[in-house]
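Okay, so here's the structure we're looking at.
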2 protein chains.
Amino acid sequence: MGEFDLIRRFFQRPAADGAEAGVDVGIGDDCAVLVPTPGARWLVSSDMLVEGRHFLSTVDPARLGHKALAVNLSDLAACGATPRGFTLALALPRADEAWLAGFSRGLLALADASGCPLIGGDTTQGPLNLCVTVFGEAPAGQALLRRGARVGDEIWVSGKLGDARLALEVFRGTVALDGLGLETVRAAMECPAPRLALGQALRGIATAAIDLSDGLLGDLGHILAASGVGARLDVDALPRSAVLAAQSPALQRECLLAGGDDYELVFTAPPGAVLPDVGVRLTRIGVIEAQPGLRVVDGRGAAVEHGLRSFDHFSA
Amino acid sequence: MGEFDLIRRFFQRPAADGAEAGVDVGIGDDCAVLVPTPGARWLVSSDMLVEGRHFLSTVDPARLGHKALAVNLSDLAACGATPRGFTLALALPRADEAWLAGFSRGLLALADASGCPLIGGDTTQGPLNLCVTVFGEAPAGQALLRRGARVGDEIWVSGKLGDARLALEVFRGTVALDGLGLETVRAAMECPAPRLALGQALRGIATAAIDLSDGLLGDLGHILAASGVGARLDVDALPRSAVLAAQSPALQRECLLAGGDDYELVFTAPPGAVLPDVGVRLTRIGVIEAQPGLRVVDGRGAAVEHGLRSFDHFSA
């Protein structure tokens with residue numbers, strides 16, 4: 001199987017070229033050609049996934065295909081964008097047909113569900129590496145950014161936090177789980193749901209937003225730094241699954257505050273803002289303050305010493 | 001040096017955010033936000049470069065930075081697009097400051113020269129891998145595609161072919177070159193010049209176009225397949241450097257027909273078309289015919305047996 005056969009068999013739909021609304025040219029030319037919506041801004045994000053760092057070599061390829069796109073769609077969601085398409089650059093050690101069939105099935109299922117067609121990319125031989133770049137649109141001036149949080153705003157988070165990190169601890173052997181408990185946290189790690197509907201519904205409501213990829217402390221820290229504010233965060237208010245709630249308090253805090261791989265949205269909104277109901281649970285977890293820094297407290301308002309920090313690819 | 005320090009030190013310009021025309025938000029948020037030109041189409045291309053396949057581990061990092069962007073800009077050039085920006089996803093074995101300084105210098109010098117700012121991306125630890133995604137614009141209906149070649153059109157190529165492949169043969173040890181000869185072919189391999197001005201000037205003139213990355217036979221073959229036509233190609237007319245012209249006829253043909261890594265444009269245009277003068281040499285190398293297939297002939301019109309094919313990442 002050659003490079004172009006591989007693309008045709010696993011990634012190119014029979015009528016992909018021109019079949020999607022707004023796609024003049026899809027896979028198969030030097031560039032894809034898209035039709036921007038008049039008056040909209042164009043949003044772009046790119047994430048690279050490396051075996052052994054972002055996923056385990058044993059992961060189900062369909063789940064990996066889902067996740068490679070999901071983590072990118074999550075960036076569009078954090079900005080309140082509507083997806084328009086994505087490119088996939090793929091380095092593979094070899095053309096493994098069973099792996100490719102599963103990977104492309106998971107990838108394209110999420111693409112279909114999100115209205116985000118695969119429009120082009122690249123395929124090469126090399127150590128397994130997945131690079132997805134997504135494109136989306138938002139009305140001018142309505143993209144959600146990190147820089148808009150204001151003193152007095154409430155801090156909200158979608159869904160539940162920490163299960164993906166708990167799954168990682170299971171695979172590392174530091175925590176024992178099986179049955180439904182294992183399946184719950186494993187699905188959180190391998191099949192995150194990008195919060196696209198929520199992000200779009202928060203346009204004009206949220207003052208700042210980010211998606212949780214490196215852990216709550218660091219990611220919320222980006223909002224605080226960009227906005228020039230501080231915050232108080234109630235660790236006891238952080239939403240968690242029953243599986244995580246059954247773990248030790250120290251492990252819960254580590255998973256909730258520094259877990260990473262959550263792909264939930266953290267956003268700020270003025271007190272009293274009417275938040276959208278898109279079927280995703282929203283939890284108030286803190287408040288923006290003028291004093292710089294992030295103060296972690298418990299439910300009674302007492303300071304919590306945690307010593308945690310977010311994930312960084314190049315720090316020891 | 002952490003991940004975010006690395007981005008700030010080597011890739012983020014002090015005033016990058018908002019400083020470039022048409023960039024509302026650059027590096028540092030979940031997405032970059034760009035302002036499309038009213039009425040224009042949006043063009044996208046993505047290429048991944050892997051150590052040992054696309055470049056040698058000994059390459060000057062500044063030249064590698066140049067090439068990582070150049071091969072992507074070449075796809076925009078082939079479509080006649082004007083660059084608007086690019087993302088870089090980078091997997092690095094370690095944060096090597098000297099390497100990063102050189103790489104980012106070469107990358108950003110070409111970005112500046114091409115009016116194509118770095119607007120975002122990703123940085124992770126892993127086997128060295130560079131994934132660039134470029135964005136450009138062209139007026140609606142004017143992007144150059146592979147599918148428009150018509151019987152009777154002449155086939156043209158820019159610049160000179162085959163030097164990059166000759167350089168590869170030197171590094172493989174099958175050809176001996178030194179001094180100016182080596183520097184000439186090495187520069188062709190490591191510092192290709194994307195033909196952006198030519199591509200834009202060919203809007204409304206060329207009927208089909210592609211950039212040469214995998215070798216002339218295969219890349220011209222894509223135009224023929226997409227356009228449903230055949231062609232006659234004069235191998236003696238193919239433009240070559242004095243260094244390549246001094247090699248054996250068999251090696252010349254291999255480098256010219258199947259070399260790859262040329263990043264010149266091949267395009268078709270009706271006989272008598274007035275071709276643009278943008279300071280790049282253009283050579284007529286063949287003609288589009290109704291009979292399917294690609295017939296390679298010499299300067300006297302006699303068939304040339306070559307047994308060559310283009311590069312494919314997954315064929316033996």
Side-chain angles (χ1 to χ4, degrees), chain A residues 1-4 6 24-25 28-36 38 40-48 50 52-54 75-76 78-79 81 85 87-91 94-95 119-127 129 131 133 135-136 138 140 143 145-147 210-211 226 312-315, chain B residues 1-4 6 24-25 28-36 38 40-48 50 52-54 75-76 78-79 81 85 87-91 94-95 119-127 129 131 133 135-136 138 140 143 145-147 210-211 226 312-315:
Chain A
M1 180 171 54
E3 180 178 353
F4 300 108
L6 185 160
D24 271 359
V25 179
D29 215 297
D30 289 286
C31 294
V33 183
L34 301 171
V35 186
R41 292 295 186 259
W42 197 254
L43 283 82
V44 177
S45 186
S46 189
D47 271 315
M48 178 174 267
V50 175
R53 284 198 86 75
H54 301 91
D75 285 311
L76 288 183
C79 291
T87 57
L88 168 70
L90 186 60
R94 63 191 180 285
I119 57 168
D122 194 17
T123 312
T124 185
Q125 197 173 48
N129 184 306
C131 182
T133 308
F135 320 104
L145 302 175
R146 300 175 179 180
R147 63 176 73 145
I210 193 170
D211 76 314
D312 185 306
H313 282 287
F314 293 101
S315 287
Chain B
M1 179 172 55
E3 181 179 352
F4 300 107
L6 184 160
D24 271 0
V25 179
D29 214 298
D30 288 286
C31 293
V33 182
L34 301 171
V35 187
R41 292 295 185 260
W42 198 255
L43 284 83
V44 177
S45 187
S46 189
D47 271 315
M48 179 174 266
V50 175
R53 284 198 86 76
H54 300 91
D75 285 311
L76 288 183
C79 291
T87 57
L88 168 70
L90 186 60
R94 63 191 180 286
I119 57 168
D122 193 17
T123 311
T124 184
Q125 196 173 48
N129 184 305
C131 182
T133 307
F135 320 102
L145 302 175
R146 300 176 180 180
R147 62 176 73 145
I210 193 170
D211 76 314
D312 186 305
H313 283 287
F314 292 102
S315 288

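Keep in mind the model is a prediction, meaning the values are calculated, not measured. By convention in this document, chain letters (A, B, ...) are assigned in the order of the sequence lines, proteins followed by strands, and residues within each chain are numbered from 1.
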Go through [options] and name the one with the most non-hydrogen pairs under 4.5 angstrom from chain A.
| options | result |
| --- | --- |
| G52(B), A226(B), A32(B) | A32(B) |
| V50(B), V44(B), V33(B) | V44(B) |
| P38(B), A140(B), G28(B) | G28(B) |

Partner of I119(A) under side-chain contact (heavy atoms from CB on, under 4.5 Å), chosen from L88(A), L34(A), V25(A):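 In the set L88(A), L34(A), V25(A), the residue that makes a side-chain contact (heavy atoms from CB on, under 4.5 Å) with I119(A) is L34(A).
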
What's the separation between atom CG in L43(A) and atom SG in C79(A), rounded to the nearest 0.5 Å? 5.5 Å

Using heavy-atom distances under 4.5 Å, tell me whether [X] contacts chain A through its side chain, its backbone, both, or neither.
| X | answer |
| --- | --- |
| A138(B) | neither |
| L76(B) | both |
| A143(B) | side chain |
| C131(B) | both |

Is the W42(A) ring parallel, tilted or perpendicular to the W42(B) ring (thresholds 30°, 60°)?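 If you compare the ring of W42(A) with that of W42(B), the planes turn out tilted.
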
If you tally heavy-atom pairs under 4.5 Å against chain B, which of D211(A), D29(A), L145(A) wins? D29(A)

Partners meeting side chain to side chain donor-acceptor pair (under 3.5 Å) with T133(B) (sequence neighbours left out):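 Expected list: T133(A), S46(B).
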
Using modelled atom types only, decide if a donor and an acceptor are shared between the side chain of D122(B) and the backbone of A89(B) within a distance under 3.5 Å.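 The answer is no, because no donor-acceptor pair under 3.5 Å joins these two groups.
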
Between R53(B) and Q125(A), is there a side-chain donor-acceptor contact under 3.5 Å, judged purely by atom types and distance?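 Short answer, yes.
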
